[in-house]
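Below: one structure, written as structure tokens.
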Amino acid sequence: MSKTYLCTAIPYVNGNPHIGHAMDYLLADVYARFCRMMGDEVRFQVGTDEHGNKVFSTAQKNGVSVDDYVQMNSDKFRKFIKQLDISYTDFIRTTDPEHVRRCQEIWKRLENHIYSAEYEGWYCEGCERFVTAKECEENHGVCPDHQKPYQQLSERNYYLRIADFKDKIRDQIEKDTMQILPEFRKQEVLQLLADAPDISISRPRGQLSWGVPVPGDDDQIMYVWIDALSNYITVLGYPDQDISTYWPAQAQFIGKDILRFHAITWPAILLGLGLPLPKHLVTHGYILADGQKMSKSIGNVVDPIEVLDKHGLDAFRYYFLRHVDTFTDADFTWEKFENAYNNELANDLGNLVQRLATLCKKNGIRGVINPTGEDKKYIKLMQNFEFSRAFDYAWTKVQALNKSIDEQKPWELAKTGETERLHQVLEKLACDLLVANQLLTPFLPTATEKIHSIFTAPDIAPPETPLFPKN
RNA sequence: CGCGGGAUAGAGCAGCCUGGUAGCUCGUUUGGCUCAUAACCAAAAGGUCGUUGGUUCAAAUCCAACUCCCGCAACCA
């Protein structure tokens with residue numbers, strides 16, 4: 001039995017869970033369930049990123065202690081992940097003392113590749129942050145939020161020398177030792193890598209108080225990178241424990257907005273530690289609301305909880321795993337969602353279960369033995385992380401079953417009294433349904449479990465209420 | 001001239017590498033069936049395959065130019 005480790009990006013806890021986070025979890029979960037189906041032992045990390053100024057100042061604004069604030073927000077994500085029925089095994093918080101200590105240890109081990117330098121740039125006192133030269137220019141040198149002119153300021157930062165690792169990173173990406181999916185993202189990364197600068201990995205304490213202190217320098221706090229990225233290995237116990245059973249990760253699931261950090265910064269850290277790179281970086285796109293990017297200012301943000309409440313978890317997973325392409329941006333509209341639920345989940349699958357179970361019950365078919373077998377095409381699609389296509393493929397099996405029932409007309413066999421033939425036909429159909437059901441299991445864990453128990457029960461009978469009721 | 005991707009039926013996509021009657025899913029219309037959640041099955045309508053030119057007996061497919069859209073372009077957790 002092989003051991004598989006899967007990672008998801010850890011969201012920053014200064015906001016509520018949104019649909020983009022759900023995509024990370026869903027993709028990783030489908031793959032996790034698939035791997036378990038294939039007999040792997042899966043370790044599956046999720047977590048929350050909890051340091052940084054935004055969290056600190058929001059806590060203060062709301063008059064709560066920062067510890068309580070991050071606890072509260074981390075719990076929101078924990079609850080969200082539960083609601084999505086994500087089969088994770090490890091939940092990490094970057095404020096976990098073990099994580100903090102391990103980060104400091106990792107920093108020490110990277111010291112050959114870390115140097116100190118002055119950073120100079122445009123700074124806004126109100127925002128307490130530097131802005132890019134471009135942003136400064138766009139705002140004509142004045143911060144729009146605070147109506148104060150930006151100042152030239154310099155501060156001392158520690159930097160991670162990316163140049164030390166560029167060639168190795170390039171090599172591993174080109175050879176797909178670390179495979180970036182989809183392919184066009186790989187091209188983007190290779191291009192970025194050519195001019196990748198060293199990365200600032202600390203801030204003076206005065207700038208950033210809520211974070212992991214740099215070991216050996218009390219004036220500096222680690223800036224996000226080493227703190228957040230290293231969660232993928234600290235959760236396994238690095239460097240206290242040997243992590244080679246699980247590391248390198250089979251796959252890390254991320255949104256396109258954070259690809260560069262996972263494809264350049266993270267590999268640099270790993271190489272600096274002498275660790276192998278993750279085998280796959282699976283990058284999904286954005287969910288658009290009716291063709292537009294979701295944003296608070298436009299006010300078109302679709303709340304995942306609202307979608308969940310509408311028709312339940314299976315419907316949620318169905319839409320975002322089948323009708324949202326695994327790798328590219330895709331659209332969500334309520335109309336499409338309703339359409340998918342009513343005409344595909346309810347009519348194709350729900351109704352199929354209903355009619356076949358009814359036929360079996362009327363004709364006294366006993367529970368079918370769960371068939372075993374491998375579907376090569378399906379396995380290949382899943383192994384290539386082409387989940388929406390694999391789901392499509394599995395669905396063709398469902399549709400074929402509806403067709404097959406119509407063609408074989410078991411109700412006519414019942415009328416003409418061809419009992420033996422009738423039983424054969426129905427048992428074969430039930431068996432085929434279980435085969436299709438198996439392919440759907442990673443995508444629709446709840447519904448497939450119900451279907452499985454219906455057709456393997458000693459007496460097959462339709463569910464009390466339809467699997468996907470329509471109103 | 002930054003790099004890259006794309007333009008195919010109302011929507012979303014495949015086909016292009018290896019030219020030869022244009023295909024899938026959803027939606028629409030009609031017919032059939034009755035085991036089933038007014039569900040299911042079948043058939044039909046709907047595209048001059050972004051534009052122009054070239055190569056060829058033959059171009060969605062190869063070549064060139066053009067138009068339009070989109071992704072990426074360093075502190076975005």
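Letters A, B, ... mirror the listed sequences (proteins, then strands); counts begin at 1. All heavy atoms count here, side chains included; hydrogens, waters and symmetry mates do not.
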List every contact pair, protein side and nucleotides 13-15 of chain B side both N or O, where the distance is under 3.5 Å.
none

Whole angstrom is fine here: how far is it from CD1 in A:I269 over to C1' in B:rC75? 13 Å
Determine the contact category for A:W395: base if any of its heavy atoms lies under 4.0 Å from a base atom, sugar-phosphate if only primed atoms, P, OP1 or OP2 are that close, otherwise nothing. nothing
Between A:W266 and A:F261, is the gap from one ring center to the other below 6.0 Å? no
Reading RNA chain B 5' to 3', what string of ( ), [ ], | and . shows its pairs, if Watson-Crick and G-U wobble pairs count only when both distances fall under 3.5 Å? .(((((((.[[[[.)....(..]]]].(((((.......))))).....[[[[[..)....]]]]])))))).....
Would you say the ring centroid of A:H311 lies under 6.0 angstrom from that of A:Y318? no
Of A:D49, A:N53, A:T58, which meets side-chain hydrogen bond (donor to acceptor under 3.5 Å, both in side chains) against A:N14? A:T58
Relative to each other, are the rings of A:Y319 and A:F337 parallel, tilted or perpendicular (30° and 60° limits)? perpendicular
When the distance from OH of A:Y341 to C1' of B:rG27 is rounded to whole Å, what number comes out? 20 Å
C1' spacing across the pair B:rU29 / B:rA9, given as an integer number of angstrom: 15 Å
By nearest heavy atom, map A:Q187 and A:Y286 onto RNA chain B; which one lands nearer the 5' end? A:Q187
Atom NZ of A:K361 and atom C1' of B:rC35: how far apart are they, to the nearest Å? 14 Å
A:H284 and A:F327 aromatic centres sub-6.0 Å: no
Look at the rings of A:Y223 and A:W225 and say which category their plane angle falls in: under 30° parallel, 30 to 60° tilted, over 60° perpendicular. perpendicular
Whole-Å distance separating the NZ atom of A:K336 from the P atom of B:rG27: 13 Å
With C1' as the reference atom in both, quote the distance from B:rG20 to B:rG27 in angstrom, rounded to an integer. 32 Å
Give a yes or no on whether A:E449 atom CD has more than 12 heavy-atom contacts from other residues, nucleotides or ligands under 6.0 Å away. no
For B:rC72 versus B:rC40, give the span between their C1' atoms, rounded off to a whole number of Å. 47 Å
Just by distance, with hydrogens left out, do A:Q408 and A:S404 show a side-chain donor and acceptor under 3.5 Å apart? yes
If the C1' atom of B:rU61 is compared with that of B:rA22, how far apart are they to the nearest Å? 11 Å
Could you give the distance separating B:rC35 and B:rU21 at their P atoms, to the nearest angstrom? 44 Å
Could you state the CG-C1' distance from A:D325 to B:rG71, rounded to the nearest angstrom? 14 Å
Under 6.0 Å from the CD atom of A:Q152, do we count more than 12 heavy atoms belonging to anything else shown? yes
Separation of the C1' atoms in B:rA59 and B:rC49, to the nearest angstrom: 11 Å
Check the distance between B:rG71's P and A:F327's CZ and give it to me in whole angstrom. 19 Å
Under a 4.0 Å heavy-atom criterion, the protein footprint on nucleotides 36-43 of chain B, written with B, S and -, is BB-SBSS-
Sub-3.5 Å donor-acceptor pair from the side chain of A:R170 to the main-chain atoms of A:L190, do we have one? yes
Quantified in whole Å, what is the P atom distance between nucleotide B:rU48 and nucleotide B:rU8? 12 Å
How long is the line joining CZ of A:R185 and P of B:rC3, in whole Å? 19 Å
Any side-chain donor near an acceptor of the partner, A:Q187 and A:Q191, under 3.5 Å: no
Do side-chain atoms of A:S230 reach the backbone of A:C103 as a donor and acceptor pair under 3.5 angstrom? no
Please compare A:E344 and A:Q191 by the position of their nearest nucleotide in RNA chain B and report the one closer to 5'. A:Q191
Please report the distance separating the C1' of B:rC33 from the corresponding atom of B:rA39, rounded so that it comes out in whole Å. 12 Å
